[in-house]
Colleague: 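This is the structure I want to talk about, given as structure tokens.
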Protein chains: 2
Amino acid sequence: MPSRPELIETLGVHLEAEYDLPPLAARIYADLVLTDDTGLTFEACLSNHGASKGSVSTALNLLQKMGIITYYTKPGDRRRHFTIAARKAFFRSKLEEQLKKIGKDRAIIQLVNNFNKQCNKAHYERYGERTESYLEFLDQSESLVQASLDRFRKWN
Amino acid sequence: MPSRPELIETLGVHLEAEYDLPPLAARIYADLVLTDDTGLTFEACLSNHGASKGSVSTALNLLQKMGIITYYTKPGDRRRHFTIAARKAFFRSKLEEQLKKIGKDRAIIQLVNNFNKQCNKAHYERYGERTESYLEFLDQSESLVQASLDRFRKWN
DNA sequence: CGTTTAGTTCAGAACAAAACAAACCAAATG
DNA sequence: CATTTGGTTTGTTTTGTTCTGAACTAAACG
């Protein structure tokens with residue numbers, strides 16, 4: 001089993017790629033994923049990652065703007081406690097993202113396919129069938145995601 | 001319908017993100033996608049994209065190293081004609097990439113889940129079921145990709 | 001009010017990525 | 001064998017990102 005810091009690093013790299021985050025923001029996000037819902041204070045983010053106040057502030061604000069994290073306060077405690085925004089919805093929003101991606105992918109493939117139909121007829125005839133087949137795969141994929149999404153929605 | 005240059009730009013942006021390519025390399029890739037299998041010469045890449053010889057050279061070499069493009073020569077013509085490497089396999093390799101992604105995703109989710117099982121029991125109990133459900137989705141997704149992949153493999 | 005606490009803001013340092021320009025090389029051509 | 005053609009290599013410039021550090025704000029506390 002990886003140690004906590006190791007796992008933060010591994011997960012951080014992954015999140016960096018998945019959500020196109022700067023390194024520090026991704027590490028903080030990873031840290032919060034591994035922390036229970038009491039969350040982390042600004043100060044904890046600062047010391048856990050050895051970064052400057054400015055960097056931590058920027059990273060936390062970015063994650064908030066992206067809807068990834070929120071904070072709460074305790075009465076009689078001025079500090080913000082940051083937590084991931086909707087742990088219940090974590091997988092659900094992954095599925096929603098997936099749905100968007102499929103849509104985008106289909107859109108471009110159709111754009112290119114239409115272009116070929118008009119301007120590259122030979123090519124269109126040679127590969128049109130594969131394109132159809134891939135579009136069909138996208139449809140099936142979409143249905144599968146949609147079905148899982150429905151299950152996750154009931155869950156909430 | 002978008003014009004050819006517009007489509008190159010749109011597709012270019014998409015490919016940039018999909019394969020993590022530098023802008024110029026992605027535009028050249030897009031250009032080749034819209035060009036029939038006669039391909040494009042170095043000179044054409046150069047003038048189509050208004051870039052310097054050095055940049056085009058670097059971009060083409062990168063795309064070759066990534067296995068995305070190849071070139072052929074005509075007897076009595078010193079120029080290289082660049083084409084996309086395996087148009088027949090285009091969708092197939094997209095599916096193969098998809099398969100790898102699913103594997104990575106599962107790996108991290110399991111890593112995090114194991115961590116929670118040991119170090120974050122309450123949290124594990126609250127969300128473990130969702131995790132299971134998502135892992136199941138990944139399995140189904142994998143099967144679907146695998147099935148499509150088999151169809152595409154026969155095709156070749 | 002002065003001070004402490006909890007952050008924000010912003011200029012700029014440090015680094016990384018992408019493209020350029022010019023010199024270079026190697027094969028064909030006259 | 002000098003020159004053109006088709007690229008490659010190398011050093012530089014441009015551009016963009018990420019983080020820092022220091023000055024600042026705003027709320028609470030005594």
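Only this structure's heavy atoms are used, side chains among them; waters, hydrogens and symmetry mates stay out. Throughout, a chain's letter reflects where its sequence line sits, starting with A, and its residues are numbered from 1.
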Colleague: Can you name the closest pair of heavy atoms from A:Val112 and B:Leu7 and give their distance?
Modeller: CA-CD2, 4.4 Å

Colleague: Looking at D:dT18, C:dA19, D:dG21, which one has an atom nearest to any side-chain atom of B:Pro23?
Modeller: C:dA19

Colleague: Take the protein atom CG of A:Leu40 and the nucleotide atom P of C:dA6, then report the distance between them rounded to whole Å.
Modeller: 15 Å

Colleague: Quickly work out the A:Tyr71 OH to C:dA6 P distance and round it to whole Å.
Modeller: 15 Å

Colleague: Do the side-chain N and O atoms of B:Asp31 and B:Asn48 include a donor-acceptor pair separated by under 3.5 angstrom?
Modeller: yes

Colleague: Measure centre to centre between the rings of B:Tyr71 and B:His81, then say whether the value is under 6.0 Å.
Modeller: no

Colleague: Starting from C1' on C:dT8, measure out to CZ on A:Phe82 and report it in whole angstrom.
Modeller: 11 Å

Colleague: Grab the CZ-P distance between B:Arg79 and D:dG7 for me, whole Å please.
Modeller: 8 Å

Colleague: Of all the choices, D:dT8, C:dG7, C:dC20, which nucleotide is nearest to the side chain of B:Arg80 once you look at every atom?
Modeller: D:dT8

Colleague: How long is the line joining CD of B:Glu16 and P of D:dG16, in whole Å?
Modeller: 13 Å

Colleague: Once you round it to whole Å, what is the distance between P of C:dA27 and CG of B:Asp77?
Modeller: 17 Å

Colleague: Less than 3.5 Å apart, any donor N or O on the side chain of B:Arg151 or A:Ser133 sitting next to an acceptor on the other?
Modeller: yes

Colleague: Once you round it to whole Å, what is the distance between P of C:dC20 and NE2 of B:His49?
Modeller: 12 Å

Colleague: Using a strict 4.0 Å threshold on nitrogen-to-oxygen distance, state whether A:Glu97 and A:Lys100 make a salt bridge.
Modeller: yes

Colleague: With hydrogens left out and only the distance checked, is there a donor-acceptor pair under 3.5 Å joining A:Arg78's side chain and the base of D:dA27?
Modeller: yes

Colleague: Measure from CG on B:Leu21 to P on C:dA18 and round the result to the nearest Å.
Modeller: 10 Å

Colleague: Let's see if you get this right: which residues in residues 53-65 of chain A place a heavy atom under 4.0 Å from DNA chain C?
Modeller: A:Lys53, A:Gly54, A:Ser57, A:Asn61

Colleague: Ignoring hydrogens and geometry beyond distance, is a side-chain donor-acceptor pair present between A:Ser55 and A:Ser52 at under 3.5 Å?
Modeller: yes

Colleague: Closest approach to the side chain of A:Phe42, judged atom by atom: which nucleotide of D:dG7, C:dA19, C:dT8 is it?
Modeller: C:dT8

Colleague: Return all side-chain donor-acceptor pairs below 3.5 angstrom for residues 85-93 of chain B, not counting sequence neighbours, or 'none' if the list is empty.
Modeller:
from, atom 1, to, atom 2, distance (Å)
B:Arg87, NE, A:His123, NE2, 3.3
B:Arg87, NE, B:Asp37, OD1, 3.0
B:Arg87, NH1, A:His123, NE2, 3.4
B:Arg87, NH1, B:Val33, O, 2.9
B:Arg87, NH2, B:Thr35, O, 2.6
B:Arg87, NH2, B:Asp37, OD1, 2.9
B:Ser93, OG, B:Ala89, O, 2.9
B:Ser93, OG, B:Phe90, O, 3.1

